[in-house]
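Notes follow the structure.
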Number of protein chains: 2
Amino acid sequence: MPKKRVRIKDIALAAGVSTGTVDRVIHNRGNVMPAVKKKVEEVMKVLNYQPNIMARTLANNKVLKIAVFLPNFKQDAFWEAPKKGIDKAIAANQHFLIDLQYYYFEENEVESYIEQSTQILADEPDALILAPIFQQESQLFLKALAKKKLPYVLINTHLPTVASVAYIGQDSYQSGVLAARLISDKQPENASYLLLHLEAAEKTANATHISQKETGFYDYFKKNKKKALIIKKAFSEVNQGKTLGQFLKQVLTEFSNPTGIFVSTSKAYQLIEHAGSLLKNTTIIGFDLLPQNIAYLKAGKIDYLINQNPERQGFLAITNLIDALLLKKIVPPIQYLPLDIVVKENVDYYL
Amino acid sequence: MPKKRVRIKDIALAAGVSTGTVDRVIHNRGNVMPAVKKKVEEVMKVLNYQPNIMARTLANNKVLKIAVFLPNFKQDAFWEAPKKGIDKAIAANQHFLIDLQYYYFEENEVESYIEQSTQILADEPDALILAPIFQQESQLFLKALAKKKLPYVLINTHLPTVASVAYIGQDSYQSGVLAARLISDKQPENASYLLLHLEAAEKTANATHISQKETGFYDYFKKNKKKALIIKKAFSEVNQGKTLGQFLKQVLTEFSNPTGIFVSTSKAYQLIEHAGSLLKNTTIIGFDLLPQNIAYLKAGKIDYLINQNPERQGFLAITNLIDALLLKKIVPPIQYLPLDIVVKENVDYYL
DNA sequence: TGTATATTTGTGTGCGCACACAAATATACA
DNA sequence: TGTATATTTGTGTGCGCACACAAATATACA
């Protein structure tokens, strides 16, 4: 049987009221006699009324002003991916009137974060997408947003606060567990692993992610009662008095030929660049499908990349806002994206 | 700057014609003076006109009758996934008037395929989604569709014919390569592997998939110059005079304790069910996130499942038809889905 | 030059909904 | 009981588009 559409008109007819009254019931605008309201709701249920999103959007005809607040991708290439996803989602939803405004801050300058967040509040957007990298400052900012009743989507980093619309991101702890599994699979007991934190800025959410990954990594060995020697080294250009190259060479001289190296950030390619020649038969695991990482993966220098789907984070941030605010749909408050295991042999299908 | 929408009205005004004429140009309905047509097209380009999909769909108001032609999932659980994806896509696109009709055939009965395909032609759908399992019969059927100018999406199995709208599926060859990589990783030279084809129906596309996986599997070892002993065994209840249990026990007695077993179909769980006790330290790789497979993956009995995203195949089949036929978008003719590597540690995010 | 016909162009309506505003009805209170 | 006001209900318009149909204009031909 061909599908027949139930319209407001049909409900009005069946309930013996006008379309205006049905509209009032649908949108809870009040001023409807309780008995009438009940009757209309019954009819809606019986006829299984589904509002026509096309017509609704068309009639609504509002411009949604969205502020996107992310770290500057010129400083950290990781952030290109969410931006790309956001732009793709906008392109795919051109028929919605969306006024997108980007705001960037520097990952190692709290001041730029505060400055930009003030600017956003002044510009009065209708909704936000943000990565709450600086924990304390973000808490304050989110409070300000709550006060103004501005809906927002958090990506990449979750805060104890409940996101007003949704949190979309990765499970960092589990990605550490996964890395441990991959790096130690088929390896003998008491193998040695190097846990490498490259370019971890202090005080930011990135630090939290990294420590969660670390915990997951250790926990895997504990839970599976697999004995291993794990050495941890961290490098941050800001804090140390040497270059990354010097640092890596020193580490790999002290601790030569580890069974595997787990780079907890997206900078696995830097390890290869600076110390590739020092590595033999070492399993290398890193994060994120940056072009440099992909090149080394294809060349067989990196064994595994765990893809946290940052592009999809951006894409979903937009579509979730559209769903929640324009289409009035209910969206899941927490959305973890898959942790894709990417190897040379399947990487092409993720690009 | 807030986005301003360019409407047909705006083009008409700028070109000094009526909206009707603009409409004629947009849809190539003819009967427009060449000079006028040119002028309108210029204006459209200058103003960068993008038709409003919402309004277009609303005004169009056509029912799209889609026939879905798949193997009976009661016989082969794999086919539940595409159906699920199709149903989800329909639910997510309720505002389009789609009249969906399912047609099932039995994977081991060509007659049922022919019978149902005749029925479909008689029912005169506007478009089709089909898995062309029987090669020869499918070729004939697709010819009939081409003659009637019926657009279709092929899923799961590609035919030499060009799909009128799109092919959506997996790269079977590459999945065999991937399996070989995963099964042999960190294993010594000259390890032994069992290549197990379970329940492979003859003469169907499934047979093609399996042989492509097999080729990919062998090729990996060749290309990487990795020496290995690979034993191949196939079982099909129709052909052999014994049960699967008997078959598996015999195989694993003859060829005991292989380093790894690659089950080329979605039936890896049957291997565990019937011969789990005979396996020790053997890496097991299978396909597809069937509930039974997932249970064994979580229990540590299966090491890897390669996910060919069959649900997404169904989902994309519908959205591609909507894009192509209702929204008049251009869709890529070949769409390979990622080959997800699923292990105990990341399976939850794929469910 | 006038009439019939073909070609080109313009106008009006409906798709389903949201919302402003008008109309009808109920209630308060003198 | 009558009038003012509050509450409830109904009507009309526009969102941007597709398409049927009407109107205007060009062309053919006697």
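Below, chains carry the letters A, B, ... as their sequence lines are ordered, and counting in each starts from 1.
In the set C:dT9, C:dC17, D:dC19, C:dC17 carries the atom at the smallest distance from any side-chain atom of A:P51. Here the side chain of B:R5 is nearest to one of C:dT7, D:dC15, C:dC15, namely D:dC15. Of the candidate nucleotides D:dG16, C:dT9, C:dG10, D:dG16 has the atom nearest to the side chain of A:L58. Between C:dC15, C:dC17, D:dC17, one nucleotide has an atom nearer to the side chain of A:I8 than all others, and that is C:dC17. Among the nucleotides D:dT9, C:dC15, C:dC17, the one closest to any side-chain atom of A:A55 is C:dC17.
Side-chain contact, A:N48 with A:Q50: a donor N or O sits under 3.5 Å from an acceptor N or O. A donor-acceptor contact under 3.5 angstrom links the side chains of B:D123 and B:Q119, judged on distance only. Between the side chains of B:D340 and B:Q308, no donor-acceptor pair is found at a separation under 3.5 Å. Between the side chains of A:D348 and B:Y336, no donor-acceptor pair is found at a separation under 3.5 Å.
A sub-4.0 Å separation between OP1 or OP2 of D:dC19 and a side-chain N or O of B:K62 is present. Residue B:Y49 has a polar side-chain atom (N or O) positioned under 4.0 Å from OP1 or OP2 of D:dC17. The side chain of A:N52 places no N or O atom within less than 4.0 Å of a non-bridging phosphate oxygen (OP1 or OP2) of C:dC17. Close to C:dA18, at under 4.0 Å from its OP1 or OP2, lies a side-chain N or O of A:H27.
A:T19 comes within 4.0 angstrom of a base, heavy atoms only. Residue contacts shown for B:K37 are absent, as no nucleic acid heavy atom lies under 4.0 Å away. If you check every strand for non-hydrogen atoms under 4.0 Å, B:N61 touches sugar and phosphate atoms only.
Distance, A:N60 CG to D:dC15 P: 14 Å, rounded to whole Å. Counting to the nearest Å, the P atom of C:dA18 and the CZ atom of A:R56 are 4 Å from each other. Distance B:I26 CD1 to D:dG16 C1': 10 Å, rounded to the nearest Å. In this structure, the CZ atom of A:R24 is 11 Å from the C1' atom of C:dA22, given to the nearest Å. Rounding to whole angstrom units, CZ of residue B:R7 and C1' of D:dG14 are separated by 11 Å. Rounded to an integer number of Å, the gap from CD1 of A:I11 to P of D:dT9 is 16 Å. In this structure, B:M33 atom CE and D:dT25 atom P are separated by 13 Å, rounded to whole Å. If you measure from atom CG of A:D10 to atom C1' of C:dG14, you get 15 Å, rounded to the nearest angstrom.
C:dA30 is paired with D:dT1 under the criterion used here, namely a Watson-Crick or G-U wobble arrangement in which both key atom distances are under 3.5 Å. Pairing partner, C:dG16: D:dC15, with both Watson-Crick or wobble hydrogen-bond distances short of 3.5 Å. In this structure C:dT25 sits in a base pair with D:dA6, meeting the Watson-Crick or G-U test at under 3.5 Å.
The distance between the ring centers of B:Y113 and B:F69 falls below 6.0 angstrom.
With B:F73 as the partner, the ring pair (Phe, Tyr, Trp, His ring centres under 6.0 Å) test is satisfied by one option alone out of B:F105, B:W79, B:Y104: B:Y104.
Between A:V6 and B:T21, the one whose closest nucleotide on DNA chain C sits nearer the 5' end is B:T21.
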